[in-house]
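Reading through the structure tokens given below for one structure.
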Amino acid sequence: MASLNVGNLGEYLREQRRNAQLSLRQLADAAGVSNPYLSQIERGLRKPSAEILQQLAKALRISAETLYVQAGILDEREREELETRAVILADRSINERQKQVLLQIYESFRKENVTDAETDVTTDASADGPRTADGSDAGTSPSQ
């Protein structure tokens with residue numbers, strides 16, 4: 001988990017607030033935090049909890065995961081995974097069993113790709129000679 005990056009978080013929050021055309025006071029009221037506290041967050045002086053970030057995200061109508069990434073609480077890849085899962089679970093055109101099967105397939109692909117990436121790094125590091133695009137040794141035929 002990354003350390004909290006409150007400076008960038010504050011700048012990002014200010015930008016989102018302005019895009020939503022909300023004053024500092026309006027956002028503070030909508031999120032249930034004090035005006036001075038929100039001001040300190042925006043200036044990078046305070047580290048908000050995940051709960052406060054969730055309240056701010058709700059008031060700004062953005063995903064809480066986006067704020068978690070900005071704050072360094074959540075990795076970008078973790079956010080993408082959470083969003084993918086949320087989209088699958090929110091799809092009303094498929095039933096619960098189908099959703100669970102999709103999530104299992106999704107997870108198996110993710111694990112397979114991590115394993116493949118680790119294998120590629122190990123294989124590349126131990127290779128004695130050049131490799132072809134399919135991963136076989138250059139200059140040898142597949143039947144050898």
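Numbering starts at 1 and runs along the sequence shown.
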Gln21, CD atom: more than 12 neighbouring heavy atoms under 6.0 Å
no
How far apart are the closest heavy atoms of Arg14 and Glu42, and which atoms are they?
NH2-O, 3.1 Å
Look up atom CD1 in Ile41 and atom NZ in Lys47, then write down how far apart they are to the nearest 0.5 Å.
13.0 Å
Would you call Lys99 and Glu96 a salt bridge, taking side-chain N to carboxylate O under 4.0 Å as the test?
yes
Hydrophobic cluster partners of Val101 (side-chain heavy atoms under 4.5 Å)
Ile105, Phe109
Checking side chain to side chain contact (heavy atoms under 4.5 Å, CB included) for the pair Leu102/Gln98: CA distance, chi angles, key distance, verdict?
CA-CA 6 Å; Leu102 268 177; Gln98 292 167 329; 5.8 Å; no
Heavy-atom donor-acceptor pair, Glu83 side chain to Glu80 backbone, under 3.5 Å
no
Can you list everything that forms a salt bridge (charged side-chain N to carboxylate O under 4.0 Å, His left out) with Glu107? Sequence neighbours excluded, please.
Arg85
Say you draw a straight line from CG of Asn35 to CZ of Arg25; how long is it, rounded to the nearest 0.5 Å?
4.5 Å
Test side-chain contact (heavy atoms from CB on, under 4.5 Å) applied to Val33 - qualifying residues, sequence neighbours left out
Ala28, Ala31, Tyr37, Leu38, Ile52, Gln55
Within this structure, what is the CG-CG distance for the pair Leu13 and Leu67, rounded to the nearest 0.5 Å?
5.5 Å
Quick check for you: to the nearest 0.5 Å, what is the distance between Asn8 atom CG and Glu15 atom CD?
11.0 Å
Measure the spacing between OG1 of Thr84 and OH of Tyr106 and express it to the nearest 0.5 Å.
4.0 Å
Is it the case that the side chain of Arg46 and the backbone of Gln40 share a donor-acceptor pair, with hydrogens and angles ignored and the cut-off at 3.5 Å?
no
Under the rule for side-chain hydrogen bond (donor to acceptor under 3.5 Å, both in side chains), what residues qualify as partners of Gln26, not counting sequence neighbours?
Ser23
For residues 56-66, which side-chain N or O atoms pair as donor and acceptor with protein atoms under 3.5 Å away, sequence neighbours left out?
| unit_1 | atom_1 | unit_2 | atom_2 | d |
| --- | --- | --- | --- | --- |
| Ser63 | OG | Thr66 | N | 3.1 |
| Ser63 | OG | Thr66 | OG1 | 2.6 |

Pairing residues for Ser108 by the side-chain contact (heavy atoms from CB on, under 4.5 Å) criterion, not counting sequence neighbours
none
